[in-house]
Amino acid sequence: MIRTILCATALAALMTTAALAGDPAGTPFKNVKLVYDQPIPNVPGKSMRGVLVEYEPGGNSPAHLHPKSAFIYATVLEGAIKSQVNDGPVVTYRTGESWSEFPGDRHRVSQNASATEPARLLAVFVVDTDETELVLSYME
């Protein structure tokens, strides 16, 4: 029961973030969906969560953080995604390419690299099981 409530809360937080995300012209994420949530049996207190993010052409999300316990491995499934983590360079990742985000990292740029084609990525989180918000906003 508690696991169901946590899953629903995490999904609601992600969908709320998706509804608020977008560029100044209002191009939002097409969809953000929790697709996997499983406690890790040999690592007490940790879970693995998969989040599918679909970007409309030209879509982006505002700068954000993830929980301090989160390690994220993101893979582009379709299209191309521009990403900047911390003060690193803005990198364009294409289908099949991946990057990682470590606990405490700031994700400054996350956007579809194309103004005409959609893009999709899968973000796999290793995070504290009791964490309910996977995306946290911050101001530069």
Side-chain angles (χ1 to χ4, degrees):
M1 178 69 174
I2 291 175
R3 182 170 174 231
T4 302
I5 292 169
L6 288 174
C7 287
T9 303
L11 184 57
L14 285 168
M15 294 184 87
T16 299
T17 301
L20 296 175
D23 66 15
T27 305
F29 277 124
K30 178 178 180 184
N31 193 13
V32 176
K33 182 177 178 184
L34 183 66
V35 295
Y36 184 79
D37 187 0
Q38 177 65 49
I40 303 173
N42 60 340
V43 186
K46 295 289 185 181
S47 288
M48 182 177 291
R49 296 187 182 138
V51 177
L52 180 64
V53 181
E54 296 180 310
Y55 292 89
E56 292 284 349
N60 66 68
S61 65
H64 60 274
L65 303 167
H66 299 287
K68 290 182 181 180
S69 69
F71 170 79
I72 299 124
Y73 180 77
T75 301
V76 178
L77 302 175
E78 176 186 358
I81 304 288
K82 287 185 181 181
S83 179
Q84 180 188 28
V85 178
N86 296 320
D87 295 324
V90 175
V91 178
T92 299
Y93 296 94
R94 301 186 192 302
T95 302
E97 296 181 326
S98 303
W99 73 91
S100 297
E101 294 179 49
F102 295 91
D105 280 352
R106 297 159 307 190
H107 199 167
R108 294 176 179 237
V109 174
S110 181
Q111 68 185 55
N112 186 340
S114 173
T116 59
E117 300 294 323
R120 293 185 313 142
L121 70 85
L122 177 66
V124 177
F125 288 69
V126 175
V127 66
D128 287 348
T129 299
D130 62 357
E131 193 61 63
T132 58
E133 292 186 50
L134 297 180
V135 180
L136 310 166
S137 61
Y138 82 98
M139 296 295 184
E140 289 279 0

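For reference, positions follow the sequence shown, starting with 1.
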Side-chain donor/acceptor pairs under 3.5 Å, residues 87-96, sequence neighbours excluded:
residue, atom, partner, partner atom, Å
Asp87, OD1, Arg108, NH2, 3.3
Thr95, OG1, Gly79, N, 3.2
Thr95, OG1, Gly79, O, 3.3

Notebook entry, point to check: Looking only at atom types and distance, does a side-chain atom of Arg49 sit under 3.5 Å from a main-chain N or O of Ala123, one as donor and one as acceptor?
Noted result: no
Next item on the list: Mind listing the closest non-hydrogen atom pair of Pro57 and Ala115 along with its distance?
Entry: CB-O, 3.2 Å
Margin query: Show, in sequence, the C-alpha distance, side-chain angles and deciding distance for Leu77 and Leu52, and conclude whether the side chain to side chain contact (heavy atoms under 4.5 Å, CB included) test is met.
Written below: CA-CA 9 Å; Leu77 302 175; Leu52 180 64; 3.6 Å; yes
Check: So, for Ala74 and Leu121, which heavy atoms are closest and what is the spacing to 0.1 Å?
Finding: CB-CD1, 4.4 Å
Notebook entry, point to check: Cluster question for you: counting only ILVMFWY and a side-chain heavy-atom cut-off of under 4.5 Å, with indirect links fine, are Val126 and Tyr36 together?
Noted result: yes
Check: Where do Val35 and Val51 come nearest, in terms of heavy atoms and distance?
Finding: CG2-N, 4.3 Å
Checklist line | Interatomic distance, Glu133 atom CD to Leu65 atom CG [nearest 0.5 angstrom] | finding: 11.5 Å
Item checked: From CA spacing to verdict: side chain to side chain contact (heavy atoms under 4.5 Å, CB included), Asp128, Lys46 -> CA-CA 5 Å; Asp128 287 348; Lys46 295 289 185 181; 2.7 Å; yes
Check: Angle class for the His107/His66 ring planes (parallel below 30°, perpendicular above 60°, tilted otherwise)?
Finding: tilted
Checklist line | Nearest heavy-atom neighbours spanning Ser69 and Glu131 | finding: OG-OE1, 4.4 Å
Next item on the list: Ignoring hydrogens and angles, tell me if any N or O in the side chain of Asn60 forms a donor-acceptor pair with the backbone of Ser110 under 3.5 Å.
Entry: no
Margin query: For residues Val127 and Trp99: do they belong to one hydrophobic cluster (side chain heavy atoms under 4.5 Å, members Ile, Leu, Val, Met, Phe, Trp, Tyr)?
Written below: yes
Next item on the list: Kindly say whether Glu117 contributes a backbone atom to a donor-acceptor pair with the side chain of Asn112 at under 3.5 angstrom?
Entry: yes
Checklist line | Atom pair OG (Ser61) and OH (Tyr55), whose distance is rounded to the nearest 0.5 Å | finding: 4.5 Å
Check: Does the ring center of Phe71 lie less than 6.0 Å from the ring center of Phe102?
Finding: yes
Checklist line | Minimum-distance pair of heavy atoms, taken over all atoms of Thr129 and Ser47 | finding: OG1-OG, 2.8 Å
Notebook entry, point to check: Which pairs count as salt bridge (charged side-chain N to carboxylate O under 4.0 Å, His left out) when at least one residue sits in residues 63-80, sequence neighbours excluded?
Noted result: Glu78-Arg120
Check: So, for Ala119 and Ile81, which heavy atoms are closest and what is the spacing to 0.1 Å?
Finding: CB-CD1, 3.5 Å
Note to self: Assigning hydrophobic clusters by single linkage (Ile, Leu, Val, Met, Phe, Trp, Tyr; side-chain heavy-atom cutoff under 4.5 Å), is Leu122 placed with Met48?
What the structure shows: yes
